[in-house]
S.K.: 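One structure is given below, represented as structure tokens, and several questions about it will come after.
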Amino acid sequence: MTSLETELKSFIIETLNLEDLNVEDIDSDEALFVDGLGLDSIDALELGVAIQKKYDVRIDAKNEEVKTHFASVRNLAKFIQTNKSEG
């Protein structure tokens, strides 16, 4: 598990007020939505806005790849590393 994955897990728990979860409870490859962590569309919106602010990335909701990027913590970490603005 990378440090960004660990940071993202903590960020997801904090942002979505998932007080009953710990970082260790979330597998990096586990699905974030429906199955797995069980997040819903409202969580997706809230998380997307928070990630854009914190990591200075642009998320285009109309892009079909967004579903892939948000499929798991590992995919989300790869997306952020690839798209994070410099400076």
S.K.: Kindly say whether Thr2 contributes a backbone atom to a donor-acceptor pair with the side chain of Thr6 at under 3.5 angstrom?
M.R.: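 The answer is yes, because a donor-acceptor pair under 3.5 Å joins these two groups.
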
S.K.: Under a 4.5 Å cut-off applied to non-hydrogen side-chain atoms, are Tyr55 and Glu7 in contact?
M.R.: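 Result yes, sub-4.5 Å side-chain heavy-atom pair found.
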
S.K.: Looking at every non-hydrogen atom in both residues, tell me the closest pair between Leu8 and Leu76 and how far apart they are.
M.R.: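 Taking Leu8 first and Leu76 second, the nearest heavy atoms are CD1-C, 4.0 Å.
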
S.K.: Rounded to the nearest 0.5 Å, what's the gap from NE2 on His69 to CD1 on Ile51? Could you check?
M.R.: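 The NE2 atom of His69 sits 11.5 Å away from the CD1 atom of Ile51.
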
S.K.: Measure the spacing between CD of Glu5 and OG of Ser72 and express it to the nearest 0.5 Å.
M.R.: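 OG of Ser72 is found 8.0 Å from CD of Glu5.
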
S.K.: Begin with the C-alpha distance, continue with both residues' side-chain angles, and end with the deciding distance and a verdict on side-chain contact (heavy atoms from CB on, under 4.5 Å) for Val66 and Asn63.
M.R.: CA-CA 6 Å; Val66 168; Asn63 186 333; 4.2 Å; yes

S.K.: Between CZ of Arg74 and CG of Asp27, what distance do you get to the nearest 0.5 Å?
M.R.: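 Those atoms lie 7.5 Å apart.
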
S.K.: Does Asp25 have any salt bridge (charged side-chain N to carboxylate O under 4.0 Å, His left out) partners at least two apart in sequence or in another chain, and if so, which?
M.R.: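 Once residues adjacent in sequence are excluded, Asp25 has no partner under the salt bridge (charged side-chain N to carboxylate O under 4.0 Å, His left out) criterion.
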
S.K.: Check whether any side-chain heavy atom of Leu18 sits under 4.5 Å from a side-chain heavy atom of Leu39, and report yes or no.
M.R.: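 Yes, close enough: below the 4.5 Å cut-off.
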
S.K.: From Asp40 CG over to Glu46 CD, what is the distance, rounded to the nearest 0.5 angstrom?
M.R.: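 Output value for this atom pair is 9.5 Å.
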
S.K.: Under 3.5 Å, side chain of Asn75 to main-chain N/O of Ala71, donor-acceptor pair present?
M.R.: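 Here the side-chain-to-backbone pair does not exist.
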
S.K.: More than 12 heavy atoms of other residues, nucleotides or ligands under 6.0 Å from CG of Asp35: yes or no?
M.R.: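 Counting neighbours around CG of Asp35, 12 or fewer heavy atoms of other residues, nucleotides or ligands fall under 6.0 Å, so no.
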
S.K.: At what distance, to the nearest 0.5 angstrom, does CD1 of Ile13 lie from CG of Leu37?
M.R.: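 One finds 8.0 Å between CD1 of Ile13 and CG of Leu37.
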
S.K.: Rounded to the nearest 0.5 Å, how far apart are OG1 of Thr15 and NZ of Lys53?
M.R.: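 Thr15 atom OG1 to Lys53 atom NZ measures 10.5 Å (nearest 0.5 Å).
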
S.K.: Under a single-linkage definition using a 4.5 Å side-chain heavy-atom cutoff for Ile, Leu, Val, Met, Phe, Trp and Tyr, are Leu21 and Leu47 assigned to the same hydrophobic cluster?
M.R.: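 Same cluster: Leu21 reaches Leu47 through Ile, Leu, Val, Met, Phe, Trp or Tyr contacts under 4.5 Å.
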
S.K.: Report the C-alpha separation of Leu4 and Gln81 in whole Å, then their side-chain angles, then the decisive distance to 0.1 Å, and conclude whether the side-chain contact (heavy atoms from CB on, under 4.5 Å) test is met.
M.R.: CA-CA 9 Å; Leu4 180 55; Gln81 287 174 326; 3.5 Å; yes

S.K.: Determine whether Phe70 and Asp43 satisfy the following criterion, side-chain contact (heavy atoms from CB on, under 4.5 Å), listing intermediate values before the conclusion.
M.R.: CA-CA 11 Å; Phe70 277 77; Asp43 295 326; over 6 Å; no

S.K.: I'd like to check Ile59 versus Phe79 (side-chain heavy atoms, cut-off strictly below 4.5 Å). Are they in contact?
M.R.: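 A side-chain contact exists here, since the closest heavy-atom pair is under 4.5 Å.
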
S.K.: Assess whether side chain to side chain donor-acceptor pair (under 3.5 Å) is satisfied between Ser28 and Lys9, documenting all intermediate values.
M.R.: CA-CA 8 Å; Ser28 292; Lys9 291 175 185 182; 3.2 Å; yes

